[in-house]
Amino acid sequence: MNRKAIVQRSRRGMNNSNILLMITIGLFIVMYTAGSIVYADKGFDHLQTFLNILINNAGLICVACGMTCVLLTGGIDISVGALIGMVCMFMAVGIEFWGLSSPVLMILILLIGITFGLVQGLCVGYLNIQPFIVTMAGMFFARGMTAVISTQQVTIKSDEFFVMLANLKFFIPFEIGAYVNSKGRLMVPFFRLPVIIALCVLVAVFLILRYTRFGRSLYAVGGNQQSAALMGLDVKKTRMKAYMLSSFLCAIGGICYVLNTMAGTASQAAGLEMDAISSAVIGGTLLTGGVGNVIGSFFGVLINGTISSLVKTHGKLISSWSNVVTAILLCVFIVLQAVFTKLKENRKR
Amino acid sequence: MEDRVVLTMRGITMTFPGVLALDGVDFTLRKGEIHALMGENGAGKSTLIKCLTGVYQCDSGEIHVDGMEEPVQNHSTLEAQRNGISTVYQEVNLCPNLSVMENLFVGREPVTKAGTIDRRVMLKRAQQLMEDLGLSIDVQQTLENYSLALQQMIAIARAVDMECKILILDEPTSSLDDSEVAKLFSLMRKLRDQGVGIVFVTHFLEQVYEVCDRITVLRNGLLVGEYPLSELPRVNLIAAMMGKDIDDLKEIKPESCQNNCAEPLISAEGLSHVNKIKPFDLQIRQGEVIGLTGLLGSGRSELARTIYGADKAQTGTLKVKDKKVHINHPIDAMRLGMGMLPDDRKAEGVIADLTVRENIVLGIQALRGIMNLLPMKEQCEIADRFIELLQIKTPSRETLVKQLSGGNQQKVIIARWLATNPDFLILDEPTRGIDIGTKTEIQKLIIRLADEGKGILFISSEIDEMLRTCNRLAVLRDGEKVGELQGDMTQERVMHAIAGGENV
Amino acid sequence: MKIKRAIKKITGMQMFLPIASMLLVMAVNIIYDVSNGNAVFNFFTISLRNGVLFGRIIDILNRGSEVAILAIGMTLVVSAAAGADISVGSVMSLAGGMCCMLLAGFGNANVSQYAVPLWVGLVAGLAIACLCGAFNGYLVSYLNIQPMVATLILFSAGRAIGLLLCNSTIVYVRVPSFQFLGGYFWMLPTPIIIAAACVLVMSLILKHTALGMYIQSVGINKNAARIAGFKSRRIIFTAFVISGLCAGIAGLVATSRIYSADTNNIGLNMELDAILAVALGGNSLGGGKFRLAGSIVGAYTIQAITTTLYALGISSAQAPVFKAVIVILIVTIQSPAVTAYFERRAVAKALRANKEAMRV
Amino acid sequence: AEDLIKVGFAQVGHESDWRNANTENYKGVFTAENGYELSFVDCDNDNAVQLEAVRSFIEQDLDYIIIAPIETAGWNTVLAEAKDAGIPVIIADRNVDADPSEYTTRVGTDMVKEGETAGLWLAEYMAGAEANILVIEGTVGSSAALGRSEGFNNIAKDHPEWKIIDSQSGDFTQAGGQQVMESFLKSYPGQFNVVVCHNDNEAYGAMDAMDAAGVTYGVDGDVILISYDATKAGLTYTLEGKINCNVECNPIQAAFVKEVIEKLEAGEAVEAFTLVVDEAFVAPGITSQYATTMTAELLAARPY
Ligand SMILES: Nc1ncnc2c1ncn2[C@@H]1O[C@H](COP(=O)(O)OP(=O)(O)OP(=O)(O)O)[C@@H](O)[C@H]1O
Ligand SMILES: Nc1ncnc2c1ncn2[C@@H]1O[C@H](COP(=O)(O)OP(=O)(O)OP(=O)(O)O)[C@@H](O)[C@H]1O
Ligand SMILES: [Mg+2]
Ligand SMILES: [Mg+2]
């Protein structure tokens, strides 16, 4: 009995999701450090480079959080990219053509997000249609709707409040990480409003997943849907809520996104769903459901952002090589993850 | 004594496509009684329970729960729980990815004032609960790290912990060993004394006579009758369940050791599997039934799997008919004439969405290879033959196997292996969840197969079943083969060996 | 009564829902034509023009070929690995790029003469597609990576590699014989014939070998299938290779249609259509049981939707809205919840009939 | 290498031959021999990525930033960031929807003018005859498609005898053009005599579809075919008389940009906008005041 207890104590806390998360964080640190050393002369070691990753990916962080929740239930939501595109267009056209004020539009957008998620959730949860197909239809719908709203490229410039929000700069205090560039300007690192929104979302979703019944039932449903139902969980409702949450966070992400791009165009955020999914997966979320958390997804986004930032800093890759390099890095990453998992399983055996 | 009724079910009828699973069944449960629900495989026990707990919506019939005016119609387990019905289903139904603690409390977590989950309280209560059941496990560990038996205990703990008027246990003991069963029974008695009505489904008659107060018997979806325990002796119970008398189990006895001199069929030398099974030697001769025995989790299944190649052995050699062989994959073992019925039916046995026919011919097909499809006519013939032979209760051979009752699914897998006609067959808990009549049939079958010159490796948690069928017993302790028993085997001697008192 | 029984027999058939969905889409055209004063079967008229068959139905069959071919492989992958192969679109483009690059010689962008014999180009295109399939298959089966994640790698790299092979340009091979695969054979567009041949070959394989049983078993319960003697990993691997091959064939057809390797656009978003085809055919994306015929009907249904939207003159940017609505309609009809509802009603009716019979 | 001028170029992507020619042109001009170090980023048609690229350029502390904007919209924030860092920004190719004071200068083509050229040529060629026009547009919402449509419609407005029967997007691809044309042939059999394609690739597709249906086009055919881009392959068809008129969109722009940078280095003032001149080409046998008649020598001299 004693021996068993000891064995168990040593195993404690090292379950699947944790180990994947540790791998992810470890690899991120290694990759970022290596980048900083190799590209020190190109400014990769500036604090601003890191903040830029956050600024550029604030929308993606929100979306990845929502995506994680859906993936946890064993579902998938590929409508997010199109939904963001629609939100951006709605915002832009709302401000520029319909003359609505931005706070009203933001509330409308959140409502649209919830409704969109509700419909998808109903189809998945209550009609039991396959998530991939439902959200694919959602994707078609949102893309089409974007074109229905407008086929033009619309710049947001007439709503002063919104422009002010977009231009808000939060400087790092005490000029930490500041430097003088070759033009003689003092560059003080800064971040923008979307970063704050995204980090708040991240923390909120983390808490929801860990400390609420709803959060835990997402895991239960993903672990085994049938069992969850037999244990007395309302599986249908839980699944529906997951899609609502995803679309809602996607709407918030859309606001972050449009604060960054300040434009509505037909093909905005195309393929964002794949970025969100790959971030979640890199962060240790399993597509089969039940395993993962948003901290992992956050680091997934950072890793994707770092890869992309490295490619841009390199600056010599001809067009398609950058895609190939990104894919190779992704591949190395996924394979490493698989190998680690396998090693760990073998040890358990 | 006042018989206060907590549950009445009247005229429950339930149909599945092609099957009338329940036909006007009545059931009454009183306060503070343990009520056995008995019947053969496929009699409709699990279905009746699922109608009660809202997993299925019955086609007609009424359910009354004590304290409610209106007839209740549960639409989901959640509703049933609210109505005071707590259930442990036949197959373990927990979430493998959650920790033990979360499995115990999912959906009813203790919350703080802010409405968030109070993990500290949850941890404390979970540990308390496990302690009460006498289980020393880490409740923060993920569930999938624990064996089926422990999972079963955890499922029971979960059900018991809920404030309920009615507790339903559908074959909770099928994967438990005696000590666990004892723990469970004391728990059940405690609850009974607190006034909970308990429905208990099992195929172990001794257990019925040990704890139950009353028995309801189903046959083929029809109610046979409800009897107080004292009025229904064992023989009558069997007769009621099967609709006929059966020759008693006691008659079976292997002609022991007559084949002692026969050729060794399988011999393992120093075979091992990292972290689980320490190197062991084992010889199995033709015409011999060898049993593996040991405590829960002592590695019986693992040892068998190592021989079969389901888990690849790391060291040692395996000889089949004196020829050294390398098994990398189960199919290699099958080509050498082996077969293995795994213990976890749901995870490794049935292929749920295939038909009965397909499940039966699967093994033969694997042997023939992918290019060599077994003609449809032969498939049907084989399937029909085994449905007949093992009396598999199925509407047709084209029924999906997941629609069969648990016991009948087991028979389908047995049929799969018999169809491949192996020289050496590993049967890991073949009688788990199988009714008494069929159990006898299977035991007879094992002996008959041995008589035909096959070698059998038999694993079962029921010691008398092993004693009845085996020529020899290998004893395992903590993943190590500690000895063999032969000749005059008695229950005491075996128990002693397992517990580690005697070094065999 | 007889009619009723006949109706029941038809609606009970496995392929009823997919085919009904298809007919539903077609019906829209009849309504449109009638309301616009065209001949009722305007949409369906097939005429002989310029020596070849001409009409919207032919268009559907022709343009749907690539998705139909992809759907074959996708069905097997979905069934065996319980996840989709999202790299097929990229692999199509890669196969086309490989083929054209060899036929034109590396670095040439516009040739009217083969640099190597035609068959070398075609075989190389198929070979690299199979290689991609093998790569995916290896990741999924031997490294246990989830299908969608594993194929994500080639999803983003495949197209780019194709582009590199083609020196980042569109490589034109202006040789008539190269246009054959996407051209006409006798009176019919060749893609129709190729798709039909692929479907035929695959159904013969499924009929005469145990591949179907292997794949389904593995897809439903990998562990059980392994214990029962199937090499689960090899089966999954095979399914991916077949999917790669199908993508290769589809890629060559698409390339031949435009006698050039337009690597950026060949097979763009085709993976979505292929997955949709599998689902519209009534197959579960969760693996296990599959019906090839369903997927094929699904593939042509998608093309029918697209062609219909063209015929109705709906702007291609807004068309997705309608596509979404139609897709949701179709899958709702086929959804387990709705089917279960009708089944329950049927049971209730039978029970009532039973009771009445008893009373009598 | 210290004295090289460090230039960052955020290119749209690699979606067409035109774009690749444009990229190659930049890489050929901004070389170390010419005194430049080029940092090139392919933004894959994603405007968010382009913003990211510009931010990366700022951190790399480059001397000049060239942006070939994917979208016209949404540039104010990063342009401000570049300005704060003191780095001059040159907008190339397409325009941006921002006040000219926010960036240094712009070099590019004029899509609306291309559309107008096509329209003017058609008016001249038809000489008042009735025109039933089908348009195969570019990708919906792209500035090329928007500009070309706008320009062409500007001219069409003045011609009541013209009728634009239908327009559908062919996504700038050959397969798209082919599929749209196939559908047009069924919807409007024999009812049109002009087809306008928004780029050469769409024109090839349209030609294939008409070939298969037995409809003739070009100088000797029933249908007048107009295309844009004037790639070498497209002009080959123009020379063969299959495309009546092909309006150029010039990818050779790097030299113009280099000139601007040289001026800035020398501290001279630069104009707010430098136009890259586009021509139009018509098939042999046609003469026009708006376009050059195609000859074999002209074709051979084309770099792209
Ligand atoms: N989901 C289902 N679909 C179709 N038929 C079913 C389904 N579930 C059960 N049945 C059928 O209903 C009958 C009763 O099954 P049930 O599971 O209630 O038996 P049981 O008494 O629990 O048997 P066991 O002791 O083997 O568990 C069986 O004949 C079975 O084939
Ligand atoms: N009480 C326990 N505490 C921790 N781990 C356990 C316990 N019981 C079993 N296990 C684990 O589960 C595994 C089960 O092993 P195995 O299935 O071979 O046992 P078995 O003897 O066949 O028992 P069973 O009757 O459950 O089939 C063991 O390797 C052990 O790691
Ligand atoms: Mg049962
Ligand atoms: Mg076991």
Side-chain angles (χ1 to χ4, degrees), chain A residues 1-19 72-74 204 206-238 285-286 288-293 344-349, chain B residues 50 53-55 75-82 85-89 91-99 102-112 114-119 122 136-146 155 158-159 162 273-277 297 302 311-312 314 478:
Chain A
M1 213 33 70
N2 249 341
R3 200 177 54 102
K4 238 174 206 166
I6 292 165
V7 172
Q8 275 158 10
R9 199 159 316 128
S10 67
R11 275 210 230 129
R12 168 190 248 171
M14 258 304 154
N15 46 28
N16 257 332
S17 54
N18 285 349
I19 192 144
L72 279 178
T73 67
F206 175 77
L207 293 178
I208 289 177
L209 285 184
R210 198 168 161 76
Y211 291 106
T212 67
R213 285 191 178 172
F214 166 65
R216 297 323 291 177
S217 50
L218 287 179
Y219 283 88
V221 167
N224 188 334
Q225 205 166 305
Q226 210 185 343
S227 297
L230 291 181
M231 283 200 282
L233 291 179
D234 194 336
V235 173
K236 294 175 178 173
K237 202 157 154 199
T238 307
T285 306
L286 294 187
T288 38
V291 178
N293 72 46
K344 185 209 148 213
E345 249 166 36
N346 282 350
R347 222 177 316 126
K348 210 176 83 187
R349 277 266 155 77
Chain B
K50 287 185 178 168
T53 59
V55 179
H75 292 282
S76 68
T77 313
L78 185 63
E79 253 184 87
Q81 281 177 12
R82 290 206 190 107
I85 304 171
S86 159
T87 320
V88 178
Y89 294 94
E91 313 280 347
V92 175
N93 278 296
L94 296 172
C95 291
N97 60 322
L98 297 184
S99 68
E102 282 174 337
N103 267 298
L104 287 170
F105 290 105
V106 102
R108 52 188 197 96
E109 293 93 343
V111 287
T112 59
T116 55
I117 296 175
D118 194 336
R119 283 186 168 259
M122 196 156 111
S136 69
I137 57 174
D138 179 2
V139 292
Q140 285 177 311
Q141 190 69 34
T142 1
L143 184 81
E144 61 192 347
N145 291 333
Y146 292 106
R158 176 186 160 87
M162 271 180 259
H273 187 67
V274 174
N275 291 345
K276 293 230 166 163
I277 300 293
E302 236 97 52
D311 296 336
K312 210 171 151 187
Q314 261 88 13
D478 277 344

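Labels below follow one simple rule: chain letters A, B, ... track the order of the sequence lines, proteins then strands, and each chain is numbered from 1. Everything quoted here is computed from the prediction, not taken from an experiment.
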**Asked** Is any side-chain heavy atom of A/M231 closer than 4.5 Å to a side-chain heavy atom of B/L94?
**Response** yes

**Message:** Between A/K236 and B/S76, is there a side-chain heavy-atom distance shorter than 4.5 Å?
**Reply:** no

**Prompt:** In Å and rounded to the nearest 0.5 Å, what is the OG1 to CG distance from B/T77 to A/D234?
**Reply:** 10.5 Å

**Item:** Top contributor to chain B contacts, counting heavy-atom pairs under 4.5 Å, from A/T212, A/L230, A/N224
**Value:** A/L230

**Request:** Could you tell me which portion of B/D118 (side chain, backbone, both or neither) has an atom closer than 4.5 angstrom to a non-hydrogen atom of chain A?
**Result:** neither

**Prompt:** Under 3.5 Å, is there a donor-acceptor pair between the side chain of A/S227 and the main chain of B/C95?
**Reply:** no

**Request:** Answer yes when B/E109 and A/R216 have at least one side-chain N-carboxylate O distance shorter than 4.0 Å, and no when they do not.
**Result:** no

**Asked** Which one of B/L78, B/N103, B/T53, B/V55 has the most heavy-atom pairs closer than 4.5 Å to chain A?
**Response** B/L78

**Fill in**
Output for pair (B/T116 OG1, A/R210 CZ), nearest 0.5 Å, gives 11.5 Å

**Prompt:** In terms of heavy-atom proximity below 4.5 Å to chain A, should B/R82 be classed as side chain, backbone, both, or neither?
**Reply:** neither

**Item:** A/A220, part contacting chain B, at a heavy-atom distance under 4.5 Å
**Value:** both

**Fill in**
Smallest heavy-atom separation, A/Y219 atom then B/L98 atom, equals CB-CD2, 3.4 Å

